[in-house]
K.L.:
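Have a look at this one.
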Amino acid sequence: MCYFGPMSNSYFTLVYRVTQAIPPGRVTNYGAIADFLALGSSRMVGWALNKCHGKGVPAHRVVNSKGELSGRNMFPSPSMMQELLEQEGVQVSKDKVINFKETFWSPTEHLDPDEYDYPHE
DNA sequence: GTTTTGACGGTCT
DNA sequence: TAGACCGCCAAAA
């Protein structure tokens, strides 16, 4: 689904697409997305997701390398992120994903870089 | 046009 | 083992 039109090749849009590609009940971390998109910086991933509000991007499935819901404070309700994850079957405790290693989903192993081509210019 | 910040990651101390 | 620092690229002020 393209929420962003034909110009969906901007780096933040790529982040959105990868985030949307995350299957329910799974989570990933910023570094994985950054590495997959060859962005090289996980900060931009989080920064991009910061603007995803109201864009239909399941940002709640993206956590930091520690499995912590780092961005929960950014959500309308700090607990909303945890609620959404638990709603999808992801067990969360103390703002941290339980069995994070099992719940972790690597875009590099499931997505094709060719479909998420990063614009050179 | 320059400076600061940003939902982070990895490495060093 | 835990804490602190630097590095990444881009956007907003």
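So that the names make sense, note that chain A is the first sequence line, chain B the second, and so on, each numbered from 1.
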K.L.:
Heavy atoms, side chains only, cut-off 4.5 Å: are A/M80 and A/L84 in contact?
P.N.:
yes
K.L.:
Tell me: CG of A/N64 to C1' of B/dG6, nearest whole Å?
P.N.:
14 Å
K.L.:
Kindly say whether A/K94 contributes a backbone atom to a donor-acceptor pair with the side chain of A/K96 at under 3.5 angstrom?
P.N.:
yes
K.L.:
Summarise protein proximity over nucleotides 1-7 of chain C in one line of letters, 5' to 3': B for base, S for sugar-phosphate only, - for none, counting protein heavy atoms closer than 4.0 Å.
P.N.:
------B
K.L.:
What do you reckon, is CD of A/E86 surrounded by more than 12 foreign heavy atoms closer than 6.0 Å?
P.N.:
yes
K.L.:
So, does A/R26 use its side chain to make a donor-acceptor pair with the main chain of A/W105 at under 3.5 Å?
P.N.:
no
K.L.:
Please classify the nucleic acid contact of A/A48 as base, sugar-phosphate, or nothing, using heavy-atom distances under 4.0 Å.
P.N.:
nothing
K.L.:
Which residues pass the ring pair (Phe, Tyr, Trp, His ring centres under 6.0 Å) test with A/F36, sequence neighbours left out?
P.N.:
A/Y116
K.L.:
Roughly, in whole Å, what's the span from CG in A/D95 to P in B/dA7?
P.N.:
16 Å
K.L.:
Measure OH/A/Y16 against P/C/dA10 and give the value in whole Å, please.
P.N.:
15 Å
K.L.:
What is the distance from OH of A/Y30 to P of B/dG10, rounded to the nearest Å?
P.N.:
14 Å
K.L.:
Please give, in whole Å, the distance from B/dA7 C1' to A/E68 CD?
P.N.:
12 Å
K.L.:
Within the sub-3.5 Å range, which N or O atoms of nucleotides 11-13 of chain C have a protein N or O partner, and how far apart are they?
P.N.:
none

K.L.:
Given 3.5 Å as the limit, does a donor-acceptor pair link the side chain of A/N64 with the main chain of A/K66, or not?
P.N.:
yes
K.L.:
Within the structure shown, what part of the strands sits under 4.0 Å from A/N50 by heavy-atom distance: base, sugar-phosphate, or nothing?
P.N.:
base
K.L.:
Using only atom types and a distance under 3.5 Å, with no angle test, would you say the side chain of A/R72 pairs donor to acceptor with the backbone of A/S77?
P.N.:
no
K.L.:
Can you measure A/L14 atom CG to C/dA10 atom P for me and round it to whole angstrom units?
P.N.:
12 Å
K.L.:
So does A/V63 get a backbone contact from the side chain of A/S70, meaning a donor-acceptor N/O pair under 3.5 Å?
P.N.:
no
K.L.:
Just N and O in the side chain of A/S65: are any of them under 4.0 Å from OP1 or OP2 of B/dG9?
P.N.:
yes
K.L.:
Without decimals, in angstroms, what is the distance between A/L49 CG and B/dG9 P?
P.N.:
12 Å
K.L.:
Roughly, in whole Å, what's the span from NE2 in A/H60 to P in B/dA7?
P.N.:
19 Å
K.L.:
Do the side chains of A/H60 and A/L85 get nearer than 4.5 Å, heavy atoms only?
P.N.:
yes
